[in-house]
Amino acid sequence: MYHPALFRGMNVVVTGGGRGIGLEVARQFLDCGARVVVHMGRAMPRDRPDFLDLATSEGRAFLHEADFLEAGSVDGLADEVRSRFDSLDVLVNNAGTMVGRFPAAELTDKEYRTILQLNQTSVVEMTRTMLPLLRKGPHPAIVNTVSISARTGGSAGSSIYSATKAFVATYSKALARELAPEGIRVNCVSPGTIATDFHQRYSTPEKLEATRKSIPLGRLGTADDCAPAYLFLASHALSGYITGQVLEVNGGQLIC
Ligand SMILES: NC(=O)c1ccc[n+]([C@@H]2O[C@H](COP(=O)([O-])OP(=O)(O)OC[C@H]3O[C@@H](n4cnc5c(N)ncnc54)[C@H](OP(=O)(O)O)[C@@H]3O)[C@@H](O)[C@H]2O)c1
């Protein structure tokens, strides 16, 4: 747990914050004093945690639902951010998912476009539209969620998803160089196999157990394991000389 005032007075946006890794990232930013626009995913979950409702009632959290597969959804989220904040300190582009496992020869055009739109294009669109607000912050930072699969290629049926994560990693490195003269840092967190709803949908228990056995630290990761890496990379005080990097959070699953 970082100092409770680490992000006091700072404005943060977290996409895909309705559950999983993004929810824990939003929680930890709120715990450290930030105001957070939390993109809750496609629909507002009915059973959202109390801390979000409390922070909303205190005017520190602003919840927004948006399906990034629908035209104009990123613009709608950006409008909400602009209506809440005059400047932006931290943008976390985290929303994303595998969508499904698609053998290469059977992948349809629609499935291909869906995976790209969600995991790749929405990150570019969100970054582009938030840059004017980020430029107004004193030490702005962008933190993008990528994946161990960007390095390894992922497992069967995840080729396009894995490639979108490699795109975001490379895009982030290029942006880091481009935006460094303005003092905007851009980094990525790359989770390994993290026990969230993600794997409930896309991996069997047997596959997860085999993965667990291959991880040097002997267990799957949790959202709790990942969130501090986002706060570290977002904080000028903690990582002000780090940009263009990918921080792997995977229990040693990938060591190279
Ligand atoms: N879990 C892992 O092992 C792992 C490993 C590497 C990378 N990652 C990445 O980490 C990020 C978070 O994943 P997670 O494990 O926390 O999974 P998760 O629990 O499934 O959360 C994914 C988030 O993305 C949102 N999302 C999905 N489809 C969307 C859409 N069409 N429009 C807008 N938002 C959408 C989800 O909202 P809904 O509630 O609407 O679905 C949810 O908030 C993702 O980018 C994922 O690719 C995860």
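For ligands, and for the atoms within them, numbers begin at 1 and follow the listed sequence. No experiment lies behind these values; they were computed from the predicted model shown.
Checked by atom type, the side-chain pair S235/S239 shows no donor-acceptor distance below 3.5 Å.
Residues in residues 176-230 take part in these ring pair (Phe, Tyr, Trp, His ring centres under 6.0 Å) pairs, two or more places apart or across chains: Y161-F198, F198-Y202.
Contact shell of ligand 1 (protein heavy atoms, cutoff 4.0 Å): G16, G18, R19, G20, I21, H39, G41, R42, A66, D67, F68, L69, N94, A95, G96, L118, T145, V146, S147, Y161, K165, P191, G192, T193, I194, T196, F198, H199, R201.
Considering CZ of R84 and NE2 of H64, their distance stands at 10.5 Å, rounded to 0.5 Å.
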Determine all donor-acceptor pairs shorter than 3.5 Å in which one atom belongs to a side chain in residues 7-14; sequence neighbours excluded.
residue : atom : partner : partner atom : Å
N11     : OD1  : R35     : NE           : 2.8
N11     : OD1  : R35     : NH2          : 2.9
N11     : ND2  : S87     : O            : 2.9

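Taking the charged nitrogens against the carboxylate oxygens, R48 and D53 do have a contact shorter than 4.0 Å, which makes a salt bridge.
Residues that satisfy the salt bridge (Lys or Arg N to Asp or Glu O under 4.0 Å) test with R42, not counting sequence neighbours, are absent from this structure.
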